[in-house]
Structure formats: structure tokens, C-alpha cells
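Working notes, structure below.
As the structure lists them, so they are numbered: ligands from 1, and atoms in each ligand from 1.
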Amino acid sequence: MALSGKNSPSRGTPLEYTRNFGIAAHIDAGKTTTSERILFYAGVIHKTGEVHEGAATTDWMEQEQERGITITSAAISCGWTTADGPFAKIPHRLNVIDTPGHVDFTAEVERSLRVLDGAVAVFCAVAGVQPQSETVWRQMNKYNVPRVAYINKMDRTGADFFNAVKGIREKLRGNAHPLYIPIGAGETFTGLVDLVKGCAYVYDESDPKGMKYAKTDVPADLKADYEKYRESLIEAVSDFDDTIAEKYLEGQEISSDELRVAIRKATLSLDFVGVIPGSSFKNKGVQMVLDAVVDYLPSPLDLPPMKAFKDDGETETGVEPDDNAKPVGLCFKLWSDPYVGQLVFFRLYRGTLKKGDSLYNPRTRKAERVSRLMIMKAMDREEIDTAYSGDICALIGPKEIVTGDTLCAREDDLVLEPPSFPEPVISMSIEPATKADQEKLSIGLQRLAQEDPTFRVSSDQETGQTIISGMGELHLDIIVDRLRREFKVDAKAGRPQISYRETITAPADGEGKFVRQSGGRGQYGHAVIKIEPNPGKGIEVLNEIVGGVIPKEYIKPTIEGIQEAANNGTIAGYPVIDFKAHIVFGSYHEVDSNEMAFRMAGIFALKDAMKKASPILLEPITKVEVVTPEEYQGDIMGDLNRRRGQIQNMETKNGICTIDAFVPLQTMFGYATDVRSLSKGRASYTMEPDHFEQVPANVLKEIVETASRAPARS
Ligand code: GDP
């Protein structure tokens with residue numbers, strides 16, 4: 001294959017042979033075990049640590065190990081070389097980005113999906129597609145992530161590979177087809193039949209590490225299945241590849257390399273998902289997943305250009321990988337390391353970055369010097385001198401960084417589209433156990449908020465209390481825990497409260513004037529804006545000033561004023577979301593105008609417009625799924641109705657009833673106890689924040705009154 005001219009001659013692995021991929025899964029599907037095995041086979045670690053011993057490599061944080069859930073996204077580099085196929089014998093660089101599975105940490109999932117190019121979606125062969133797998137799948141759709149699916153836990157009793165494939169097709173609407181079929185299931189799961197190559201791999205039971213397996217003919221009893229599933233695989237990809245389509249129709253032989261190329265094409269265009277069975281725990285099938293990563297997942301060159309905006313928020317440009325162009329990259333994770341200080345996990349989308357270089361942060365308008373560059377390996381880290389396009393590395397040196405910041409060349413002044421983060425739904429007050437801890441507490445909170453965009457800190461304007469907000473009680477519990485462990489602060493948290501939001505339902509105009517004349521130099525700022533609803537798209541502020549009626553240098557402060565005013569809505573002081581503001585007119589004064597005056601003009605303009613834009617109060621709605629024996633179904637449904645729930649779906653199978661509903665988060669406090677007593681402990685449920693909805697009039701009154709008594713807003 002001819003390599004692209006975008007590769008620098010000095011780089012190690014060419015762009016074509018780089019795979020940045022993530023392992024995404026519902027909690028408990030086996031993501032940690034799978035990541036860890038991948039690193040094992042990819043030759044980086046030599047002793048497999050079991051999750052239950054708390055020694056998995058990607059589980060960095062102490063509490064992750066205690067809770068057994070993966071919270072942070074670690075990016076780890078390793079290598080893999082396939083034995084045959086289009087990339088045979090070419091060493092590939094794999095950067096594995098771990099994504100957490102718990103719904104309280106969807107922001108972590110979003111931010112990692114943003115920097116990875118492809119994904120391995122892990123499912124459990126027994127449970128199949130679960131409600132929470134849908135969330136992860138939807139997020140992958142949103143970011144157009146090409147993927148392969150891995151059906152793990154084939155060794156467990158009740159494992160059903162084909163049912164899981166069916167689940168992906170029916171519940172997730174993925175065009176899923178097996179690339180391999182399992183030999184046996186449960187205790188008899190011994191290997192895989194390769195539908196592409198037409199052979200089988202049988203693991204050697206005397207080697208528990210799964211390094212040894214024999215390549216054999218397709219077992220006689222699986223011949224019929226092999227024919228059937230190979231044919232449906234060919235048929236599926238022939239829709240996206242003319243050569244295959246022609247050969248298929250004419251009944252000609254299709255070579256395994258031709259088939260691989262077609263599968264790659266269909267996977268990259270998001271039209272196809274190849275499925276592999278395996279058991280990470282029993283070390284079977286993981287090598288096939290690695291082969292699929294190389295064969296079917298994209299290299300940085302296979303992706304469409306990244307969206308980026310010029311500083312004035314107007315021009316949009318595309319950023320493509322090219323070592324010879326100026327550097328642009330995204331800071332996707334901050335990590336405080338006990339030995340080296342703050343690490344900034346960085347995806348370099350374009351250009352080449354050398355140790356000692358300075359990059360420009362358009363948000364702070366400051367240069368940040370990169371004093372050291374590292375790549376993370378499973379057990380250690382490696383200092384490098386240069387990073388190239390498409391690389392994922394850790395920067396040491398940059399100081400004023402928050403997650404989502406772009407770093408680029410000063411003359412480019414580009415901002416990459418940051419990942420979108422869900423709005424927090426729960427808030428609580430927090431105070432230090434002793435007065436002496438106050439300062440440490442604010443330092444800790446500030447640091448944690450820089451790391452995690454769904455965790456916010458604010459202060460209540462009336463009571464002066466510090467308020468923390470996040471995606472759920474567990475999320476905030478972990479924050480309080482981290483304060484204690486990492487920042488040595490004992491903090492007391494108040495009762496969790498709902499984070500309401502405000503938004504507008506009609507367009508309106510607003511005018512803000514900040515004029516002071518008190519002898520000497522005065523103040524003069526004046527802005528006119530139009531606002532309109534922007535459902536689901538957050539806050540956008542557009543500069544539409546013509547003819548310089550507001551000079552260029554005062555645009556930014558005006559925008560900041562509008563954004564600041566959005567922190568406190570006009571109904572009950574909750575943050576305002578989902579509106580678009582256009583700055584259309586204004587005026588200035590040669591002497592009296594300054595940044596502060598325009599900031600104030602922005603604040604007043606939004607407040608003025610908000611009042612006229614039919615504002616409403618929104619509450620977080622959760623998606624709840626209750627699984628209960630049929631006999632409690634009536635009571636559980638009645639209870640959900642009392643909680644203002646809207647039943648979406650109900651299904652009974654073998655005496656077990658599954659109820660899906662949207663329920664306001666406000667009514668869900670204490671649900672764990674209630675559902676237990678309603679069902680004598682036999683029903684279970686899952687719940688995750690889903691969207692915001694308008695608060696009904698009767699509830700609104702109560703909220704507004706409570707808010708004016710004990711405002712815990714954010
Ligand atoms: P995660 O929550 O998705 O990261 O899942 P883990 O990797 O922590 O696995 C969850 C549980 O399933 C652990 O107890 C694992 O030991 C177990 N597990 C993972 N993979 C397999 C497998 O292939 N077979 C069996 N039987 N158990 C597995």
C-alpha cells in the first residue's frame with residue numbers, strides 16, 4: 001500500500017497503521033477484563049491481573065478498584081500485527097481508550113468517544129443487549145464511531161451468541177453479522193470458526209493463557225452453519241461493495257482478502273457491524289478482536305475532517321491529519337499524577353509536536369509550554385520527544401487547561417468543536433468539616449471541576465453556601481470521596497436536590513445599556529440582541545454586528561456577559577439552557593467604553609430579552625426500567641403513576657415483567673426502598689438521566705416557593 005504524503009519521514013508507525021479505539025460497554029459486560037487481555041496479548045504486560053483481585057491495569061484509581069467500576073478513561077498504547085489479510089505482518093500502533101460503563105459517568109464516555117476513531121462494543125453473551133447498552137450505542141451513533149461487536153462470556157452457562165447478534169440488530173438497529181461463529185457454548189466453548197478465512201481456531205486447553213490455538217478445518221458439525229452465516233455475511237457487505245456484489249450474483253469464489261476489504265469499507269461507512277464471540281476471562285477470542293481492530297477499524301486518515309472554528313465564532317474549517325501542517329489538538333482529560341503533577345491527555349489531530357514547544361490556548365489566549373511528552377503504557381510510561389498527527393499522548397507543563405480545551409499554533413487561533421456534555425441533574429451543598437479545611441476544599445473542588453465538565457461548583461448567592469452539581473448521587477459521592485483521598489479534605493455534603501433548568505419558548509429582543517457618568521472617566525456599553533429557542537443544542541451566541549457599531553474588542557466581553565447572565569434564570573434563578581442569542585446592534589463611546597461595560601451590557605440585554613421570551617422551568621426526567629415478577633406489576637405501575645411517571649413500554653415473558661417509563665427525577669428519591677417493599681424485594685430497576693421537560697404548573701409553584709426559601713441552584 002502506498003503511504004500518504006501526510007506522514008512525516010521521521011515518525012515510527014505511519015498514520016495508516018495507527019488505530020485509536022475504545023472499548024465501550026454496559027457495566028459488567030467484561031470491559032475491564034477485555035481491555036486487560038488486549039494489553040496482555042498486545043505484549044505490553046506479562047502477567048494477567050484479574051479484576052476481582054483489583055489489579056487490572058486500566059483501573060487506576062483506588063476507589064475504582066474498590067467499587068469495581070471504571071471511572072476514568074485511560075489511554076494506553078500497545079502494538080499488534082496480524083498474520084494475514086490486507087495488513088498482514090505490518091506492525092500497527094494501537095491506542096486503547098478505556099470508556100466507563102456506568103451511566104453516572106456518561107460525560108467520560110462522551111469525551112472518550114470524541115477522541116477515538118473506532119470502538120469495540122462489548123456485550124455479555126448471557127444477558128445480550130441490555131437497556132444500558134443502548135445508551136452507549138446511541139452515543140457511538142452520535143459521534144459516528146465505526147465499530148465491531150464482541151460477545152463476551154461465551155463460557156458461561158446460558159451463553160447465546162446468535163441471540164446477542166439478534167439483539168444488536170433488533171434493539172440497537174445495527175446491521176450486525178457474525179465474522180466468526182463460536183464452537184460450542186458455556187463449558188464446551190472451545191474456539192471460533194472464521195467465516196472470512198474458512199477455517200477454525202481451537203484453543204489448546206493445556207494453555208490457560210490462550211496463547212496457543214490450532215488452526216483447523218471447519219468442524220463437520222458446524223459446516224452447515226458456516227455456509228449459512230458466510231453467505232449472509234457476503235450478502236450483507238455486497239450491498240456496499242460492487243466487486244463483491246457482482247461476484248456474489250455470478251456465484252464466483254470470493255477471496256478472504258476481497259471480503260476483508262469489503263467488510264472494512266462497510267464498517268467505516270457505518271453500514272455494517274462485524275460480530276465476534278469470545279470469553280475474555282477464559283482467554284478465548286481476544287486475538288480475533290485485535291485482528292478485527294486492525295482490519296476493520298479506521299486509521300486517523302479514514303475519518304472526515306474535524307470541525308473547527310475560528311476565534312470570531314464565524315468561520316468553520318476542517319482539520320485533517322497531516323504531520324507537515326501546524327499542530328491542533330484537543331485536551332480530553334486531566335489527570336493529577338502523584339509523581340509528575342498534572343498530565344493533560346491530548347489528541348493531536350494535525351501537525352507535529354515536539355517536547356519544549358509552546359502551544360496557544362484560544363480560550364485563555366495564553367501560550368502553554370509543553371515541557372515533557374509521554375505515552376502511557378500498561379505498566380509504565382514512556383517519555384517521547386515528538387508526537388505526530390493522530391497520536392494520543394500526555395502533556396506535562398500546560399497549566400491553565402480545562403477538559404475540552406483546544407491547543408494550537410497561535411497564528412491559527414482555532415477551536416475544535418468540544419465534546420458536548422450533559423447538564424447536571426443533582427446538586428448538594430458542601431462544607432468543610434473544620435474551618436481550616438475551607439481553602440483546601442475550594443482548591444480541590446476547582447481542580448475536580450476542571451477535570452470533569454459534568455461536575456460543577458457554584459455558590460448560592462443568598463446563603464453563600466458552596467453547591468456542587470453532577471450527574472447523580474453516585475457521581476457526587478465519588479467527588480466527596482476523592483476530596484478526602486486526594487485533597488485530604490473532610491467535607492460534609494447536604495441532602496441531594498434536583499437541578500432544575502430554565503429555557504425560553506419564544507423569540508424576543510433585548511437591550512442592555514450600561515452607562516455611568518460620574519465626573520472623570522465614565523462607563524459606556526450598549527448591546528441589542530435577539531434570542532430564540534435552541535432545543536437540545538445548548539447556548540450559542542452569534543456575533544452579527546455589522547459596520548463596527550460594537551468594536552471587535554468588545555464582542556468577546558459582550559458574549560461573556562450573555563453567558564454569565566444565563567447562569568441565573570428569571571423564574572427561580574436556575575441556569576438557562578438551549579437558547580441562541582444574536583448580537584445585532586449596539587453603540588460605543590470613544591473614551592468611556594471598556595470591556596467591563598460591555599460585559600454588563602451583555603448581562604442586561606439577556607435579562608431583558610429573557611423576560612419577554614416566555615421562559616419555562618425544566619426538570620430532569622429519568623429513564624427507568626423495572627424488572628419484576630408479574631404479580632407485582634400492578635402495584636409497581638400504580639406507584640410509577642403516582643410519581644408522575646409515563647409508562648413507555650411493558651413486556652411480560654415467562655412470568656417476568658419489564659416496565660419502561662420516563663419519571664421525573666424529583667419523585668425518584670428513595671425509590672430503591674419503595675420498590676423493594678412493593679415487591680417483597682424481588683423487583684430490580686435501573687435508572688439514568690434522559691432529558692429535561694417542562695415542569696407541570698402545580699409542581700412549578702412548589703418549586704419556585706422552595707427555591708426562594710432555600711435556594712440550592714446550579
Ligand atoms: P466491566 O464492568 O464491563 O469492566 O466488567 P469486568 O471486566 O469488571 O467484568 C465483570 C465481571 O464479569 C467480573 O467478575 C469478571 O471476572 C467477569 N467476566 C468478565 N469476562 C468474563 C468472561 O469472559 N466469562 C466469565 N464467565 N466471566 C467474565
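Considering backbone and side-chain atoms alike, R156 places every N or O at 3.5 Å or more from each N or O of ligand 1. Considering backbone and side-chain N/O atoms, G30 comes within less than 3.5 Å of an N/O atom of ligand 1. Backbone and side-chain nitrogen or oxygen atoms of K282 are examined, and none is located within less than 3.5 angstrom of a nitrogen or oxygen of ligand 1.
Residue K31 has at least one heavy-atom neighbour below 4.0 Å for each of these atoms of ligand 1: 1 (P), 3 (O), 4 (O), 5 (O), 7 (O). Within ligand 1, the atoms closer than 4.0 Å to a non-hydrogen atom of S279 are 22 (C), 23 (O), 24 (N), numbered from 1 in the order shown. Close contacts of ligand 1 with S280, meaning ligand atoms under 4.0 Å from a residue heavy atom, involve 23 (O).
Looking at S427 and S499, their side chains do bring a donor and an acceptor atom within 3.5 Å of each other.
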Run the salt bridge (charged side-chain N to carboxylate O under 4.0 Å, His left out) check on K166 and D160 step by step: do they pass? CA-CA 10 Å; K166 193 165 145 240; D160 187 343; over 6 Å; no
Please determine whether ring pair (Phe, Tyr, Trp, His ring centres under 6.0 Å) holds for the pair F189 and F161, giving the CA-CA distance in whole Å, both sets of side-chain angles, and the decisive distance to 0.1 Å. CA-CA 11 Å; F189 175 61; F161 174 69; 9.1 Å; no
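The existence of a salt bridge linking D155 and K284 is excluded, since no basic side-chain nitrogen approaches an acidic carboxylate oxygen closer than 4.0 Å. Salt bridge R260/D84: present, at least one basic N to carboxylate O contact under 4.0 Å.
Nearest-residue assignment for atom 23 (O) of ligand 1 (options N152, T157, T34; heavy-atom criterion): N152.
Contacts between A25 and ligand 1, counted as non-hydrogen atom pairs separated by less than 4.0 Å, are absent for every part of the residue. Heavy atoms of D28 found under 4.0 angstrom from ligand 1 belong to the backbone as well as the side chain.
At least one side-chain heavy atom of Y180 sits less than 4.5 Å from a side-chain heavy atom of P277. I168 is listed as a side-chain neighbour of I151, based on a closest heavy-atom distance under 4.5 Å.
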